There are 2 protein chains.
Amino acid sequence: MLDAAAERLVAQGYTATTLREIAADIGIKAGSIYHHFESKEDLFIEVFSRGIEVMVDAFGDVDTAMNGCDRESDRLEAHVRAHLGALFEHGSFTAAHVTAFFTAPEELRSAIVPLRDDYEHRWNALLADVLPELDSARLPIARLFLFGAMNTTIEWFDLSGDLSLDGLANLITVQFLEGVDALNLQRSTR
Amino acid sequence: MLDAAAERLVAQGYTATTLREIAADIGIKAGSIYHHFESKEDLFIEVFSRGIEVMVDAFGDVDTAMNGCDRESDRLEAHVRAHLGALFEHGSFTAAHVTAFFTAPEELRSAIVPLRDDYEHRWNALLADVLPELDSARLPIARLFLFGAMNTTIEWFDLSGDLSLDGLANLITVQFLEGVDALNLQRSTR
DNA sequence: GCACCTACCTAACGTTTGTTAGGTTTGCGA
DNA sequence: TCGCAAACCTAACAAACGTTAGGTAGGTGC
């Protein structure tokens, strides 16, 4: 049911997604939803929260797996890969979060913002490690550029196309670190 | 009235924006909208179209103004600045387009897609000029990265903050061309 | 002064929305 | 086998939605 809600969110946004649709998707009636959630807002708070949970979990997994890694660029690429994985490989929760968060009413958003802030903090800390020479005032901006490039992939990237998620993660990382010219040389440093 | 519609679009998305709200914003009643447009869909087709128009016009202006420019990176930066200008300085049409386009029903979107394609083609051509050594298969991807970085600025950039639009355009261009490390050296090549 | 057009309003329509009260089914534990 | 709670349904509610038919005020041209 949360899955169905997330998929509808991706396709239609918050207001256009009705409880009757979600109920029909899983073969129940709209009123039955209220046995599990107090309101539409409550249901989608859960969906958006899971969207962040998936991201945070993926981030944490990479952090432990890459513990003894000495090449900082590899660490970054692994985290980029994890973020893309959360977007494309772990259900629609993260995708729903990224695409539909701003279509939700403000009361709902403000309940989610603390979770978002936590995730953003982790990325800031990561980027501070990977890029120690970067002016700390520029760091959040660099992160926002990276997030922009990663998150808009849901609008165009096709999992079944020629480019794999690994390849996409590598492209984004190289482009982010070294600029567009380095795109032709991708994977040459491995 | 189109302005009011665009502002509501940015704040609430397509479905959550009601004709009664738009009418109230400009001091008329909802029914009166139908004297100017045949339907809600018709009204927002006009709004989305203008959003692209603003971008295309800004692009064209830079093209003529930068005609004799020999430094390709300056040309690119001027176009980035123009795109950001369309987002932040020419009403809410472009901002509405970028944020709310995917919240609109599909029939409406398909009426707008040709205009979008035209704008994307211009950028592809520009990038092919600026980056002749870039693999042509990578070119659309590079453009999508750049678009992602530019368009997500509406979610965080503050016109009244320390960073100016010129500065932001420079940051994005440098970051795009040379990578994140070059951010510390911005404007040093001028 | 008359006709006419544009811009708006009033008042309702049918539909859909989130939501609720009360009843029914299902399955598990004692 | 009984009881009970979780899961679901039915049927409706008030509110809000896009939309429409018919009417009104104000200005323009003749």
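It should be emphasised that the depicted structure is a prediction, and the values quoted were computed from it without experimental measurement. Below, chains carry the letters A, B, ... as their sequence lines are ordered, and counting in each starts from 1.
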(request) Answer yes or no: does a side-chain N or O of A:His35 lie under 4.0 Å from OP1 or OP2 of D:dC8? (result) no

(request) Check whether any side-chain nitrogen or oxygen of A:His36 sits under 4.0 Å from OP1 or OP2 of D:dA6, and answer yes or no. (result) no

(message) For the CG atom of B:Leu115 and the CD atom of B:Glu120, what is their distance to the nearest 0.5 Å?
(response) 11.0 Å

(message) Between P on D:dA16 and CG on A:Leu19, what's the gap in Å once rounded to a whole number?
(response) 17 Å

(message) Which residues pass the salt bridge (charged side-chain N to carboxylate O under 4.0 Å, His left out) test with B:Arg116, not counting sequence neighbours?
(response) none

(request) Report which part of the nucleic acid B:Thr15 touches: base, sugar-phosphate, or nothing (heavy-atom distance under 4.0 Å, all strands). (result) nothing

(message) Does any part of the side chain of B:Glu21, heavy atoms only, come nearer than 4.5 Å to the side chain of B:Gln12, both counted from C-beta?
(response) yes

(request) To the nearest 0.5 Å, tell me how far B:Phe102 CZ sits from B:Arg109 CZ. (result) 6.5 Å

(request) Quick one: label B:Ser32 by what it contacts on the DNA or RNA (base, sugar-phosphate, nothing), any heavy atom closer than 4.0 Å. (result) base

(request) May I have the distance from B:Glu21 (atom CD) to D:dG18 (atom C1'), rounded to whole angstrom? (result) 13 Å

(request) For D:dT20, take OP1 and OP2 only and decide whether either is under 4.0 Å from a side-chain N or O of B:Tyr34. (result) no

(request) Would you kindly give the CD1-to-C1' distance between A:Ile33 and D:dA6, to the nearest whole Å? (result) 17 Å

(request) If you link ILVMFWY side chains whenever their heavy atoms are less than 4.5 Å apart, which other residues fall into the same cluster as B:Val62? By chain and number, please. (result) B:Met66

Contacts under 3.5 Å, N or O only, protein and nucleotides 3-5 of chain D:
none

(message) Regarding B:Glu89 and B:Arg81, does a basic nitrogen lie under 4.0 Å from an acidic carboxylate oxygen?
(response) yes

(request) Would you check if B:Leu146 and B:Ile172 make a side-chain contact, meaning some heavy-atom pair closer than 4.5 Å? (result) yes

(message) Which is more 5' along DNA chain D, the nucleotide nearest A:Ala30 or the one nearest A:Arg20? Just name the residue.
(response) A:Ala30

(message) Please identify the 5'-most and 3'-most nucleotides of DNA chain C with any atom under 4.0 angstrom from a heavy atom of chain B.
(response) C:dT6 to C:dA12

(request) Nearest whole angstrom, please: distance from the P of D:dC17 to the OH of B:Tyr14. (result) 14 Å

(message) I'd like to check the ring pair (Phe, Tyr, Trp, His ring centres under 6.0 Å) partners of A:Phe93; sequence neighbours left out, ordered by chain and number.
(response) none

(message) With nearest nucleotide decided by heavy atoms, which residue, A:Glu38 or A:Thr18, maps closer to the 5′ end of DNA chain C?
(response) A:Thr18

(request) Could you check how far CD1 of A:Ile22 sits from C1' of D:dC8, rounded to whole Å? (result) 17 Å

(request) Give every residue pair that meets the ring-ring contact (aromatic ring centres under 6.0 Å, His included) criterion with at least one member in residues 146-177 of chain A, sequence neighbours excluded. (result) A:His83-A:Phe147, A:Phe88-A:Phe157, A:Trp123-A:Phe147

